[in-house]
Amino acid sequence: MLAHLCDSLRHMLGETRIASHPSALRWPLVRHIVMYWLPWPKGRIKGAGQLFLSPPGSWNGDLNAFEDLLLRFVGATTRTDWPEHPFFGPMSHRAWGRFAHRHFDHHLRQFGA
């Protein structure tokens with residue numbers, strides 16, 4: 001799970017590229033409703049394959065990488081050139097932050113954290 005979250009953060013920071021997919025989630029109103037109001041369905045959404053490329057390493061190594069990437073993302077408040085989300089489309093730092101919150105919370109709840 002940590003390796004997957006690290007892959008997600010690398011994409012959010014623009015270190016990896018992921019192909020865009022046509023989706024109604026790209027529409028601003030639909031994106032807002034999904035990101036802020038609707039519960040995320042469990043086990044129904046398949047993420048982009050490029051977010052599952054890094055093999056898990058040691059727990060401490062993966063946790064350190066996650067913390068480093070997360071701090072870099074949080075600290076990038078002046079950046080304006082954020083990559084597109086493969087399904088949600090163009091997003092700001094704030095929108096990426098909301099997505100990260102929902103995404104990370106989803107996976108942490110899977111493991112009882």
Side-chain angles (χ1 to χ4, degrees):
M1 184 253 316
L2 279 176
H4 166 61
L5 296 182
C6 285
D7 283 346
S8 179
L9 281 163
R10 285 184 190 100
H11 172 66
M12 291 163 54
L13 290 166
E15 295 176 8
T16 58
R17 298 282 176 217
I18 298 177
S20 296
H21 300 279
S23 168
L25 296 172
R26 290 178 166 274
W27 301 345
L29 181 60
V30 174
R31 178 174 53 219
H32 180 81
I33 290 169
V34 170
M35 295 252 290
Y36 287 89
W37 300 104
L38 293 179
W40 283 18
K42 294 179 179 17
R44 296 186 151 202
I45 299 173
K46 185 173 180 172
Q50 296 96 325
L51 295 176
F52 298 93
L53 295 179
S54 296
S58 71
W59 173 258
N60 288 336
D62 287 348
L63 185 57
N64 288 337
F66 175 76
E67 289 173 346
D68 176 62
L69 289 161
L70 184 59
L71 288 173
R72 286 178 42 215
F73 171 76
V74 170
T77 57
T78 59
R79 181 177 171 178
T80 58
D81 60 328
W82 294 96
E84 283 195 11
H85 185 279
F87 300 104
F88 288 111
M91 297 203 316
S92 65
H93 185 243
R94 182 181 174 117
W96 271 114
R98 178 62 181 168
F99 171 79
H101 169 79
R102 298 281 318 258
H103 182 211
F104 297 175
D105 183 66
H106 164 78
H107 286 300
L108 291 169
R109 288 179 189 270
Q110 280 182 311
F111 295 96

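In this chain, residues are counted from 1 in sequence order.
Comment: D7 engages R10 in a salt bridge, judged by a side-chain N to carboxylate O separation of less than 4.0 angstrom.
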Which is it for F73 and W82 under the ring pair (Phe, Tyr, Trp, His ring centres under 6.0 Å) test, yes or no, and what are the steps along the way? CA-CA 11 Å; F73 171 76; W82 294 96; 5.5 Å; yes
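Rounded to the nearest 0.5 angstrom, Q110 CD and D105 CG are separated by 10.5 Å. The NE2 atom of H32 sits 9.0 Å away from the CZ atom of R98 when rounded to the nearest 0.5 Å. Within the model, atoms CZ of F66 and OG of S8 stand 9.0 Å from one another, a figure rounded to the nearest 0.5 Å. Atom CH2 of residue W27 and atom CZ of residue F88 lie 14.0 Å apart, to the nearest 0.5 angstrom. Atom NE2 of H107 and atom CE of M1 lie 8.0 Å apart (nearest 0.5 Å). Rounding to the nearest 0.5 angstrom, the gap separating the CG atom in N64 from the CG atom in D68 is 8.5 Å.
For the pair W59 (side chain) and L2 (backbone), a donor-acceptor distance under 3.5 Å is absent. Of the possible polar contacts, one joining the R102 side chain to the M35 backbone as a donor-acceptor pair under 3.5 Å is found.
With hydrophobic clusters built from ILVMFWY side chains whose heavy atoms lie under 4.5 angstrom apart, V30 shares a cluster with F99. Tracing side-chain contacts under 4.5 Å through hydrophobic residues (I, L, V, M, F, W, Y), one never reaches L108 starting from L71; they form parts of separate clusters. I33 and M91 fall within the same hydrophobic cluster, defined by Ile, Leu, Val, Met, Phe, Trp and Tyr side-chain heavy atoms under 4.5 Å apart, directly or through other members.
Across R79 and P83, no two heavy atoms sit closer than the pair NH2-CD, 3.9 Å. Across P86 and A19, no two heavy atoms sit closer than the pair CB-O, 3.5 Å. When all heavy atoms are compared, the tightest approach of H85 to H11 is CA-NE2, 4.2 Å.
In this structure, H103 and L5 have side chains that are in contact, with non-hydrogen atoms separated by less than 4.5 Å. Between C6 and D62, every side-chain heavy-atom pair lies at or beyond the 4.5 Å cut-off. Residues E15 and L9 have side chains not in contact (no heavy-atom distance under 4.5 Å, counting atoms from C-beta outward). Looking only at side-chain heavy atoms (C-beta outward), P90 and R26 come within less than 4.5 Å of each other.
Residue pairs that meet the salt bridge (charged side-chain N to carboxylate O under 4.0 Å, His left out) test with at least one member in residues 27-39, sequence neighbours left out, do not exist here.
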